[in-house]
Amino acid sequence: FADVGADPDHPTLLNSFQGLDFNDGTATLEPPDTHLAVGPGHVIEVVNDAIGIFNKGTGASLLNQSLSDFFTAGGLTLGVSTIFDPVVIFDELADRFVVMALEGSAPADSHVLFAISDMADPTADGADGDGNPFSEMHRLEIDATQQFWSDFPRFGFNDDAYVATFNMFDATLPNNVFQRVDVLIIDKSTVLDADPDTTFTFNVLQRTNADFTLTPAISHEAAPGDPMWFVERRNGLDVALVRLDDVLGAQTFSTPFIID
């Protein structure tokens, strides 16, 4: 952690500690695809295929677990395929950590695993008292036709929704062929009750193969009804901005704006 307030060009290191390690028995896949998020008192790190929770102040390891154990402990029934490409964010608008990963890399064997903490403390059980700090977990199939599989998730949010994007590939051999970008939109209000059995509202929008790695913004100061913003590589050549209006309603994308 660093203090950038006094001199943004030369930040001062305040604290550091070791994260997940290849030799600790859980984080054994390469590349690790390391991703982390910082909350008020904790740091969550995810890699292929492990999750670690650390005390933000002391660096003490509070959880070191495989992602498969993490999601099955939350009540999900998983297949036998590898879990990979994990991402994690801290949503300060809701005071929750959100963890997402992919399971399987073939059509008809491709799922998104989604978990959200009960509270800002990802080690503490919420008011439901079920003993699980991540009571709300879901396993989703993005392509209902089972023709494509999801890769390289990008994750963002505004005040209304959690939004994830995926590059979708087919099973053409010898190399899978990129087909399009899919956009997963989760109504945030339906996942904040720490109860996976209540209404869970989501839908999937399909873009085209002109998009690639469409990346949603993390909108820290979003207000209800604000649009979602994305940046992407367009047609393999340009960088473009895209806006999604009425995120929980009509869901209308703007024409991509090419950044010169």
Side-chain angles (χ1 to χ4, degrees), residues 20 22 26-36 45-51 66-68 70-71 76-89 98-115 138-156 162-186 202-218 228-242 244 253 255-259:
L20 294 171
F22 180 87
T26 54
T28 58
L29 298 180
E30 295 181 345
D33 289 343
T34 306
H35 206 259
L36 64 81
E45 180 187 8
V46 289
V47 298
N48 292 327
D49 159 44
I51 180 170
S66 72
L67 283 171
S68 58
F70 171 76
F71 284 109
L76 294 186
T77 300
L78 306 180
V80 298
S81 297
T82 299
I83 298 174
F84 66 102
D85 276 2
V87 293
V88 59
I89 59 173
V98 185
V99 179
M100 188 174 67
L102 302 181
E103 177 198 11
S105 55
D109 181 24
S110 179
H111 294 86
V112 172
L113 308 179
F114 175 90
H138 298 277
R139 182 175 184 254
L140 310 173
E141 188 173 59
I142 298 303
D143 178 32
T145 70
Q146 299 186 339
Q147 298 181 71
F148 309 127
W149 60 277
S150 307
D151 191 31
F152 201 63
R154 302 291 88 188
F155 200 26
Y162 295 115
V163 178
T165 60
F166 313 91
N167 292 334
M168 305 298 292
F169 291 84
D170 67 12
T172 302
L173 297 176
N175 298 310
N176 297 332
V177 177
F178 171 70
Q179 297 294 318
R180 66 177 190 238
V181 168
D182 280 2
V183 182
L184 169 66
I185 300 173
I186 297 173
F202 73 96
N203 71 309
V204 178
L205 306 178
Q206 296 176 358
R207 300 283 292 173
T208 71
N209 60 8
D211 304 281
F212 191 74
T213 311
L214 183 71
T215 302
I218 294 177
M228 276 295 302
W229 291 90
F230 304 79
V231 65
E232 68 170 355
R233 191 176 76 170
R234 186 77 179 166
N235 291 317
L237 299 172
D238 303 304
V239 175
L241 289 176
V242 182
L244 175 63
F253 282 103
T255 301
F257 174 76
I258 305 300
I259 302 173

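None of the values given here were measured: they were computed from a predicted structure. When reading the values below, keep in mind they use all heavy atoms of this one structure, side chains included, and skip hydrogens, waters and symmetry mates.
- Residues Pro216 and Thr165 are in side-chain contact: their nearest non-hydrogen atoms beyond the backbone lie under 4.5 Å apart.
- Between Gln179 atom CD and Trp149 atom CH2 the span is 12.0 Å, to the nearest 0.5 Å.
- Side-chain contact between Leu184 and Phe114 is absent, with no heavy-atom pair separated by less than 4.5 Å.
- When all heavy atoms of Asn48 and Pro86 are compared, the closest pair comes out as OD1-CD, 3.1 Å.
- Note that CD1 of Ile259 and CD of Glu232 are 10.0 Å apart. Values are rounded to the nearest 0.5 Å.
- Pairing each heavy atom of Ala240 with each of Ile258, the nearest pair is CB-CD1, 3.8 Å.
- Ring geometry, Phe155 versus Tyr162: the interplanar angle falls from 30° to 60°, so the pair is classed tilted.
- Using modelled atom types, no side-chain atom of Ser150 and backbone atom of Phe166 make a donor-acceptor pair closer than 3.5 Å.
- Of the inter-residue distances, the one linking Phe212 atom CZ with Leu237 atom CG reads 13.0 Å to the nearest 0.5 angstrom.
- Between Ile83 and Leu78, the closest side-chain pair of non-hydrogen atoms falls below 4.5 Å.
- The shortest side-chain heavy-atom distance between His138 and Ile186 does not fall under the 4.5 Å cut-off.
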Please step through side-chain contact (heavy atoms from CB on, under 4.5 Å) for the pair Phe230 and Val163, ending with a clear verdict. CA-CA 10 Å; Phe230 304 79; Val163 178; 3.9 Å; yes
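- Taking CG of Asp170 as the reference point, atom CD of Gln147 lies at 9.0 Å (rounded to 0.5 Å).
- Look at Arg234 and Asp211 and you find a salt bridge, because one of the NZ, NE, NH1 or NH2 atoms lies within 4.0 Å of a carboxylate O, short of that distance.
- For His35 (side chain) and Val46 (main-chain N/O), no donor-acceptor pair under 3.5 Å exists by modelled atom type.
- Looking only at atom types and distance, the side chain of Thr213 has a donor-acceptor partner in the side chain of Asn167 under 3.5 Å away.
- When side chains are defined from C-beta on, Leu102 counts as touching Val112, because their heavy atoms get closer than 4.5 Å.
- Rounded to the nearest 0.5 Å, atoms CG (Leu67) and CZ (Phe84) are 12.0 Å apart.
- Not one N or O on the side chain of Asp85 forms a donor-acceptor pair closer than 3.5 Å with the backbone of Asp151.
- Looking at every heavy atom in both residues, Thr77 comes nearest to Arg139 through O-CD, 3.4 Å.
- Within the 4.5 Å cutoff, side-chain heavy atoms of Glu45 are placed close to those of Thr34.
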Please test Val99 against Phe70 for side-chain contact (heavy atoms from CB on, under 4.5 Å), starting from the C-alpha separation and ending with a verdict. CA-CA 10 Å; Val99 179; Phe70 171 76; 4.2 Å; yes
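- Scanning both residues, Ser81 and Gly104, for their nearest heavy atoms gives CB-CA, 3.6 Å.
- For the atom pair CD1 of Ile185 and CZ of Phe202, the computed distance is 11.5 Å after rounding to the nearest 0.5 Å.
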One pair to check against side-chain contact (heavy atoms from CB on, under 4.5 Å): Phe148 and Arg180. What are the steps and the verdict? CA-CA 9 Å; Phe148 309 127; Arg180 66 177 190 238; 3.1 Å; yes
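- Using a 4.5 Å heavy-atom cutoff, the side chains of Arg207 and Val242 are in contact.
- A donor-acceptor contact shorter than 3.5 Å links the side chain of Glu103 to the backbone of Gly79.
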